Amino acid sequence: MEKYNPAEIEVKWQKRWEEKGLFKALDFDKKPKFYQLEMFPYPSGRIHMGHVRNYTIGDAIARYKKAKGYNVLHPMGFDAFGLPAENAAINNNTHPAKWTYSNIEYMIKELKRLGFSYDWDRLVITCDPDYYKWEQKVFIEMLERGMVYRAKSTVNYCPSCKTVLANEQVEDGKCWRCGSEVIQKEMDEWFLKITDYADQLLDDMKLIEEGWPERVLVQQRNWIGKSKGAFVKFKIKGRDECLEVFTTRPDTLFGVTFVSIAPDHPKLLELVDDKYKDEIEKFVKEFKKGGRDFSKEKEGVFTGVYLINPVNGEEVPLYAANFVLMEYGTGVVMAVPGHDQRDFEFAKKYNLPIRKVIHTDGLSDDVGKWSEAYTEPGVLVNSAQFDGLDNETAKWEIVKWLEKKGLARIGYQYRLRDWNVSRQRYWGAPIPVVYCPHCGIVPEKIENLPVRLPENVEITGEGGSPLSKVDEFVNTKCPICGADAKRETDTFDTFVESSWYFLRYCSPKYDKDIFERKRAEYWMDVDQYVGGIEHAVMHLLYARYFTKVLRDLGYINSTEPFKRLLTQGMVIKDGAKMSKSKGNVVDPDDIIEQYGADTARLFILFAAPPEKDLEWSDEGVEGAFRFLNRLWRLVYKYRDLKSGSVEVKNERLKDLNYQIHSTIKKVSNDFEAYHFNTAIAACMEFVNYLYDFEPKTEDEKKLYAKALEELLKLLSPIAPHITEELWSLTGHESFLLEESWPEYDEAFTVKDITTIAITVNGKLRDTLEFPRGVQEGEVFEKALESPKVKRHIEGKEIVKKIFVKDKLLNIVVK
RNA sequence: GCCGGGGUGGCGGAAUUGGUAGACGCAAGGGACUUAAAAUCCCUUGGAGCUAUGCUCCGUGCGGGUUCGAUUCCCGCCCCCGGCACCA
């Protein structure tokens, strides 16, 4: 008997599928379109198990949709700019481009060996000037529209990577990539005004909430962090000037006993009373040196300045305080120690008064006895005409009242900051801007794009941007006046490239613009996006934002790029995420070599539902391989049987037919919901059944052959190679890949005979078989005859009976 | 602290709208085939008890509740994982 030989058949079918061009997506095809997208990889050198999982899930979906009659777009590319290429350049003395492209070459081979159904004609590589050219163009258009600005700002800087990091790239005060301590540094940077889109990014969530995991939306909502509050003006005593605070608790305005200001507030030193100047300067210097240390005790210094509380005219002192953030609100905070824990701690430390303005049952009036601030809801006290109001109502009543006097207004604040896209690195897309001594900041002319990365660059990893040392690059002419000018030497954050690559796939070779509109309109939106949860905020938020920007620039109608999102879990081994440092990595290449791609795919889809973490198990892989061998032997044994139409006339045929149709139904439903693990389980049960069956009559053989055909179709998206080989072995001339998804007849998915559970007081006592549709009376009669049931009823009174048709009879006794 | 998501056999995991808990796989044990092993095939496998070849009780993190009936719904706890975290 011929043995299952994955190494041989997998390569064979991959070649044939490619020769036939079976994965080509047809622009404007009449069939309904389905855009299946997976997050493209960074070309680190090798595919890892997380990629295999991501792409296996996507491939199963793409192949299923193809069988369901869709015109499927399933592309792949590489997020090819980024730091590791530069590090490799430093360590191995290879050029980042060379390193990147050779990695890509190898990884494409790996992806092909896994049998993924990509349309390779649409390959997109982001470090290609024909790619990044277009984001340079969009950037210039954004600049012209005021959607981009340059600003000096204190930025997160990683001294090890020698680059600026976005807020999102700082985790726990450390660099997301290398883990070094992030420091604060002042630099000129380019910002995209994503905050202008904060409300849209929030509101448009309702367009996608059906298809996105709740937790991703929640994370994004928290990240944007919109809060409603009020801006309130506090007059500076002795000056004709105000300081404005932002508060979400205007209901506590009567409890304000001091005001805090950020140490890095630009007006601080100007305001300070001469008497306190030295002390403040010392404090500010200390603060700037230490940066923001969250674990540090709250500290502050009196400025000598007093402010007037607008609600009651009281004079309250102004303190510079180390916990006040300059980046949020106005950098000035009204302090209500009675009802804010931070202010409470500060007031205790510096002996400032604490006042109770919110009351609830059992809350002492003697604030001296309080051990912490009361921050829960309550009723206003000590608040003049607002006393007795519940605090939620009071918030807006007080603002309304102050608004009339021109001292307050309702306002919103966001946690989201503008997106800093400047990186002091070589291996990124150049920011297409020129600095002219006469004209200032000037965008490069569109017709001069792309601003290419120069190739002759020495990458040492020392001292700032490598581009600044390339004279031919830096020295240029002003696009406006022609004078000698200097190029921007920063490059884009690589999240810029990944914010629109899914649009480029629609017309990857189009050379007149970022994409060809009518093709993009045909394919967009992405019907199903699959990727890791680690991109819940950064990538997915940027991509949503960029799509809206492209819409507003008139490129496309799309508002939300990804209709549905599936976030797959991590691949775990021995309780930890697979990683080199933990030494628990399983190399996909080894698995393919030992068992083949189909086994890898089957195991990954079977071991856990897609969203959950997947525990790698060598025994589990063996099990998957065993199943494929079992499938092989089954089909091989019956390879000469021919299917044909059969009159389902006896019990055996009926039962086989029932198994066929109910399996198709189960697997189809599971595929719709992406429950591949249970779909596979159903196929396994079907295989077990078919092993037992052993067809004897001609009719049985025909129907059995039919069963095998359907089985192969059902498993085809998961294990495409073995099923294709068996399809051909059973005498089929066509490609299994081109067969359509099997149909089932609902009428055949139910049996004539049904098993009814007999319970007494809700406890199972017996199960009895009846013809489908049997009446309660008959079931009850038979149930009474059952000794298992009888012994629980005897001597008791039957109170009532609950009958669920074809399922259950519950007899309630007392 | 706040916001999410979870707790089901030895393990990964199944259980339509409340209706036979533990599908399928792994691991384990027993058997068949074999000179032997591998491979394969068959059987057993949630726990406890007993007057054992069948029956009883317990069992989906814990404690209550609703219901004829709860892994599923409600209330109150405990624990684990993830995200955010001086955001005023």
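These values consider heavy atoms only, across backbone and side chains, with no hydrogens, waters or symmetry-generated copies. Quantities reported herein were computed from a predicted structural model and do not represent experimental measurements. First the proteins, then the strands, lettered A, B, ... as listed; each starts at 1.
Look at the P atom in both B:G10 and B:C75: the space between them is 31 Å, to the nearest Å. Across B:U53 and B:G19, the matching C1' atoms stand 31 Å from one another, rounded to whole Å. Spacing between B:C62 and B:C80 at atom C1', rounded to whole Å, works out to 15 Å. Distance noted for atom C1' between B:A15 and B:C24: 12 Å (whole Å). Distance noted for atom C1' between B:A21 and B:G47: 14 Å (whole Å). Annotation: B:U71 and B:A14 have their C1' atoms spaced 12 Å apart (nearest Å). Atom name C1', nucleotides B:U60 and B:G13: the rounded distance is 13 Å, in whole Å. Spacing of P atoms, B:G61 relative to B:G7, comes out at 8 Å, to the nearest Å.
The partner of B:A52 cannot be assigned: no Watson-Crick or G-U wobble pair with both contacts below 3.5 Å exists in any strand. B:G10 is paired with B:C26 under the criterion used here, namely a Watson-Crick or G-U wobble arrangement in which both key atom distances are under 3.5 Å. Pairing partner, B:C41: B:G31, with both Watson-Crick or wobble hydrogen-bond distances short of 3.5 Å. Shown here, B:A36 forms no base pair; nothing in the strands shown gives a Watson-Crick or G-U wobble contact with both key distances under 3.5 Å. In this structure B:C84 sits in a base pair with B:G1, meeting the Watson-Crick or G-U test at under 3.5 Å. Pair check for B:U72 finds none; no Watson-Crick or G-U wobble contact set falls under 3.5 Å.
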Review point. Nucleotide by nucleotide, 5' to 3', does protein get under 4.0 Å of the base (B), only the sugar-phosphate (S), or neither (-) in nucleotides 18-30 of chain B, counting heavy atoms?
Key: -BB--BBSSS---
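Put simply, CD on A:E534 is 11 Å from P on B:G83, counting in whole angstrom units. A:Q341 places its CD atom 13 Å from the P atom of B:G1, with the value rounded to the nearest Å. Atom pair A:E694:CD and B:C41:C1' shows a separation of 12 Å (rounding to whole Å applied). In this structure, A:Y4 atom OH and B:A39 atom C1' are separated by 16 Å, rounded to whole Å. Remark: C1' of B:C84 and CE of A:M538 are 13 Å apart, rounded to the nearest angstrom. Here B:C11 presents its P atom at 17 Å from CD1 of A:I572, a figure rounded to the nearest Å. B:G1 atom C1' lies 13 Å from atom CG of A:D340, rounded to whole Å. Distance A:K577 NZ to B:G82 C1': 13 Å, rounded to the nearest Å.
Aromatic ring pairs are classed by plane angle as parallel below 30°, tilted from 30° to 60° and perpendicular above 60°; the pair A:H539 and A:H535 is perpendicular. Using bins of under 30°, 30° to 60° and over 60° for the plane-to-plane angle, the ring pair A:F346/A:F323 lands in the perpendicular bin. Ring geometry for A:F231 against A:F246 counts as tilted: the plane angle lies between 30° and 60°, on a 0 to 90° scale.
Nucleic acid contact for A:P609: sugar-phosphate only, since backbone atoms but no base atoms lie under 4.0 Å from a heavy atom of the residue. Backbone-only engagement by A:D613 is indicated by non-hydrogen atom pairs under 4.0 Å involving sugar-phosphate atoms exclusively. Note on A:K763: only backbone sugar-phosphate atoms sit closer than 4.0 angstrom, heavy atoms only; bases stay farther off.
Regarding the sugar-base torsion, B:G9 falls in the syn class, its angle being within 90° of 0. B:A52 adopts a syn glycosidic conformation, its chi angle falling within 90° of 0.
A distance-only check finds no donor-acceptor pair linking the side chain of A:Y412 to the backbone of A:K226 [under 3.5 Å].
For the pair A:R633 and A:Y636, the NZ or CZ position fails the cation-pi test of under 6.0 Å to the six-membered ring centre and within 45 degrees of the ring normal. At least one cation-pi condition fails for A:R415 and A:Y328: the charged atom is not both under 6.0 angstrom from the six-membered ring centre and inside a 45 degree cone around its axis. For the pair A:K228 and A:W396, the cation sits on the ring face: its NZ or CZ lies under 6.0 Å from the ring centre, inside 45° of the axis. Cation-pi geometry between A:K801 and A:F780 is met: under 6.0 angstrom from the ring centre, within 45 degrees of the axis.
Both A:V218 and A:E615 lie near RNA chain B, and the one whose nearest nucleotide falls closer to the 5' end is A:V218. Both A:R215 and A:V812 lie near RNA chain B, and the one whose nearest nucleotide falls closer to the 5' end is A:R215.
Under the rule for a ring-ring contact (aromatic ring centres under 6.0 Å, His included), A:F627 has no partner lying at least two apart in sequence or in another chain.
For A:H792 and B:U56, the shortest distance from a side-chain N or O to OP1 or OP2 is below 4.0 Å. Residue A:R415 has a polar side-chain atom (N or O) positioned under 4.0 Å from OP1 or OP2 of B:A85.
Counted by atom type alone, A:T754 and A:D806 present zero donor-acceptor pairs between their side chains at under 3.5 Å.
Across B:C41, B:G83, B:G13, the shortest atom-to-atom separation from the side chain of A:R633 is found for B:C41. Taking only side-chain atoms of A:N222, from C-beta outward, the nucleotide of B:C3, B:C42, B:A88 with the closest atom is B:C3.
Side-chain to base pairing of A:K298 with B:C86: one donor and one acceptor N or O lie within less than 3.5 Å of each other.
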